[in-house]
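Below, chain A is the first sequence line, B the second, and so on; all start at residue 1. Note that these values count all heavy atoms, side chains included, but never hydrogens, waters or copies made by symmetry.
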Amino acid sequence: MVNIEIDGIPLKVDSSKMIIQAADEAGIDIPRFCYHKKLSIAANCRMCLVEVDKSRKALPACATPVTEGMKVFTHSKVAINAQRSVMEFLLINHPLDCPICDQGGECELQDLSMGYGEGVSRFTEGKRVVKDKDIGPLIRTDMTRCIHCTRCVRFGVEIAGVKELGATGRGEHMEIGTYVEHSLVSELSGNIIDLCPVGALTSKPFRYKARAWEMKAHPSIAPHDAIGSNIELHVRQNDVMRVVPRDNESINEAWLSDRDRFSYQALAHPKRLTDPMIKVDDDWQVVDWQTALETAIKGLQTIINKHGAEEVGGLISPTTTLEEAFLFQKWLRGLGVENIDHRLRQQDFSDHPQQYPLDNWTLGDVQESDAIVLIGSHIRAEQPILAHRIRQAAMMGAAVSNINFFLTDLLMPIEYEMAVDINTMLTTLAGIAKVLSTLMNDSDNDDEWQALYPERTPTAFEQNVAMQLSNAASATLIVGDLANHHPDAAKIRALVHKIAELSGSRCIVVPSANSHAHVIANTLPGKEAKNSLQMWQQSLRAYVLMGFDALHDTAVPVIAKQALKRASFVVALHSFDSEFLRQTADVILPMACFTETSGTFVGIDKQWQQFAGAVAPRGDSRPAWKILRVLGNVSHVEGFDYISSQDVVDEVRQIQAERHDKPIPPYIPDSLTVESDLMMISEVPMYRTDALLRHSEALQKTPETQRIQFARINRKEAEKHGLNHQTPLTLTQQDSVVRLPLEIDDSIADGCVYVATTTDAASRLVSLFGQVSVSQSEAAT
Amino acid sequence: MKLDQVCFRTNHLSPSWTLDAYRQVGGYQVLENILNNKLKPESIIEQIKNSALRGRGGAGFPTGLKWSFMPRRLPGDKYIVCNSDEGEPGTCKDRDILRFNPHQVIEGMIIAGYTIGAQTGYNYIRGEFFEPIERFEAALEEAREAGYLGKDLLGSGFNFQLHTHVGAGAYICGEETALLESLEGKKGQPRYKPPFPAGYGLYGRPTTINNTESLASIPVILQHGADWFHELGTPNNGGSKIFCMTGHVNKPGNYEVPLGTPFAELLELAGGVRNGHQLKAVIPGGSSTPVVPAEIMMGLDMSYDGIAKARSMLGAGSVIVMDDSTCMVKALQRIAYFYYEESCGQCTPCREGTGWLYRVVKRIEDGQGKQEDLDRLVDVAENINGNTICALGDAAAAPVVSFIKHFRDEFQYHIDHGRCMDNTA
């Protein structure tokens, strides 16, 4: 700690701090453009020049470390002169047309020019004009406005891990750009909109839609992944005009994924369901809520009375809130229904989500790990903010290893990586466990596990990863969606938990969106009841579906489609209309989106985050917790007298406190051998994980989304099956035959075909993760 | 007057740039002595300090002091970098050192590497120096063959390798930290200091960067002794210095003379001012140093402290002589254009200000000047001065301020009449 004085105010500050940090902490305002607390120091804008005693020149506060006895003057004549002259220089080539600039009203340059600029410019020469660059569907450029602070460049290098933006040219001719014009491909790219202090980089979807002063900011939580990024909804009248991050150091820091930033576009999509509807003689009729709810209850009760509650299945999207999840299962259980599940994309139910202890850790702990192993995870697409934390760990020297069905550029140094099929993945994980078990002298008391370990000597990969885990002071294992959606997911999870136990690592099974809340709320099948896969495969007479599309959000699209078509009664709570929904449902209850309701999300780190509604539900749609409350009332189920969603949360907390579940014994697989010839590996594309995202226009135009139409296979498999990239690939699964354009991609493991889910083609497949045969013929359709 | 005592000491030989020639003047003996007797780095630094050798690149920082900043015993890589990115208008001395006496630079760099604990050296040579690059490369080959570069030099256990790096035509890469960025393969832009290169230099490792002429002076200092070198010049301004005599002189060229030599003698050495003309002004140290009017200049001695008396700088010793035919507005326009063109664009005052200065000066030269332009030019220049990351901003500001200060009447005439005072220009 050192003693300094800023503007006569004595301060005690950490000696590692710069003047600007000390001033910020003390609430002393120093103007700045290039400085950003989360980025490296550039000291290039010179706006933060201050006077420091014993220095003959004004010094940049952002780059001058504090020293004992230092006296800083931020408003002295020297400081003000320096600041005003920098402002003049910044403005000479900057267009002074704030009224037609999209940043107008929330521009750092505009704001500071009010304090440090002159009313009239002394510059009478011609101004610089810079050609705009097209960097994709999310970000609009207006490069004449650029003040070359390089925040966007540093963000790319230091945070996003993509060196896509840089400076070319010298002096006045210096330009920020991508050199060769192309879209920015980063799941975090939108952050440069916030970082840009001027109107050079603005949001393309938001462009010219609203002014900062017309909008009211409402705090909320982003619903698309398990991070629960803190956001601010900017609302004008009753419309969410845009979404920006809200600082939360323990979760998303100052950042936001593009997915969370741009999904708001779907809120005003014409396909939003706005009225309750019932099907009368194959015809849809808009009805009042009373009629719709009564029709729903009547239909369900008829089936229950006639065939029993076991003929009803309740399926709910894990993107829904804790309150919605709790009321969903409480209502159905009140009707006697125990077929309840939220694990829509899961295929292996051999283990139970409650059997794994949820130890305490934060995202910050992950960032401080020395060793991280990713198992079956395309982490950048699944959890962009977690990927960023892992990247920061890697940059600080953590050893990151990756074992997956396909490898992609994770934009960080990777220690060891392997593209594997399921058998190799299982034996490799078992091999790692074996090395650890030998290291830990655990081999004597663990017969069931020992029997599973491979007899061969461990591979170099297994030994290296095991050594890194056992040597690390803090290690993290991450099981991603690709592992969790696999038909042998439980085997993977069991092995990874064993590795975690042996090496003392933390194990993170990445939840889908809010599924931690769903486990708490118990949207899980009751005893002897059916899980989501069984509900589809065993074809029930009635279904209650909430918040998802059966064709896109389930593991078995064709089977789900057949089950729904065969069912005699289907109630759907959803926010988006679709042809398929109209074909299969009997009652449609329009539910509000996350911005229109209050609720709770439980993040990957088990933090409960509550949020309030910011706008009224669209049309006559209603918050789902209210719909479920009335469904409970109309069905005369006890205990549905909630006044607010908070009452629901209170009840969940109380139940949780009183609950004393017997620990579930660990699941130990019988064998690790899996029948696998050619396996379809299916990934949920980053911008199509839920219905809201699938209706967000800009995100669907990104290069990432454009690529999802391709099936991908590596060269070796292509040769083995006689495939070439010029002819579409025919995928055959039982009766389903689907054709997709083919891309030869050596990042895919042997024995695997990569297919993206949520496409038209994918919705015609029997099982998204499963055996498949491939062929190519011009004639096939 | 003692000419060609230090960097040009092989000039009387033909060819002067071979290993043989260099050995004839005692080349590499100092290095051999150091390696064979394992001289203490501290004692070498002490001698350099005592010699009063000041950095020949322009700033005049004492070389011995700079070397003493290096954390010699820190384990890991350390670097010695020679700055041959000679780009200051008016300067052409390093070019000739590399052309005519490259081995002395090599020996200087090896000694520097030994002294500061660096095993790798880079000579960053200006990209347009085709012949000097070839000569230096050839000399490197000779030195490698002779065992002066490589592993375990002369059985001393000291390893040293030296590489040439060719610049790509940016003046700013002569600024030492921009040079390091460029050497790392990045866009040449100066770094903010602190940290200084001695702590965080090339690839983040301790690095010393010296000018070609400074490094070439090292073997001679150690051969003849610090006192000999110091006494060659004047107190606090040790040694001799190459002056690049350009402009309106009869015999333009490089002249290596003792520091402290009166300007009048130097001018005479260069054949005097162009016949039939009178001396009007001199830029004593390269285009970035303030211009000095003839009557003041004729009374100055050519040393760091001598030129400072006229509030200008010795700089790199690049003497630009201007006779009475020179239009000072046009001269300033050319200088202002240079800095406008060469600003790296990183920090605001220089990026925006150099273009502003150039455009206003050009307007005055073009006969479009306005009365308020003169005060505005000085004001803008002063707003750049001292507010930038590196010295390029100051370099762009100094000529503007000094030209207007000393020749305001010429600028005023341009504004009033839209042309030069004297139509001959």
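Classification of A:Glu125 and B:Lys362 as a salt-bridged pair fails, no side-chain N sitting under 4.0 Å from a carboxylate O.
Between chain B and the options A:Gly166, A:Ala167, A:Cys149, heavy-atom pairs under 4.5 Å are most frequent for A:Ala167. Your options are A:Pro65, A:Cys34, A:Ala58, A:Cys45, and the one with the most heavy-atom pairs under 4.5 Å with chain B is A:Cys45. Ranking B:Pro194, B:Pro349, B:Gly355 against chain A, the residue ahead of the rest is B:Pro349, based on heavy-atom pairs under 4.5 Å. Ranking A:Ala43, A:Ala63, A:Ala42 against chain B, the residue ahead of the rest is A:Ala63, based on heavy-atom pairs under 4.5 Å.
Side chain of A:Arg46 to backbone of B:Thr348: no donor-acceptor contact under 3.5 angstrom is found. The main-chain N or O of A:Arg122 is found under 3.5 Å from a side-chain atom of B:Arg376 such that the two form a donor-acceptor pair.
Sorted by first then second residue, the ring pair (Phe, Tyr, Trp, His ring centres under 6.0 Å) pairs that include residues 356-382 of chain B, not counting sequence neighbours, are A:Phe123-B:Trp356, B:Tyr337-B:Tyr358, B:Tyr340-B:Tyr358.
Counting heavy atoms from C-beta on, the side chains of B:Arg351 and A:Leu90 come closer than 4.5 Å. Within the 4.5 Å cutoff, no side-chain heavy atoms of B:Glu352 are placed close to those of A:Leu91.
Interface remark: B:Glu382 contributes no atoms to any contact with chain A (heavy atom separation under 4.5 Å). Residue B:Arg363 touches chain A through its side chain alone, counting heavy-atom pairs closer than 4.5 Å. Using a 4.5 Å cut-off between heavy atoms, B:Lys193 does not touch chain A at all.
Going from atom CZ of A:Arg170 over to atom CD of B:Gln346 covers 14.0 Å, rounded to the nearest 0.5 Å. The line from NE2 of A:His173 to OG of B:Ser343 is 9.5 Å long, rounded to the nearest 0.5 Å. Note that OG1 of A:Thr124 and CD of B:Gln368 are 11.0 Å apart. Values are rounded to the nearest 0.5 Å.
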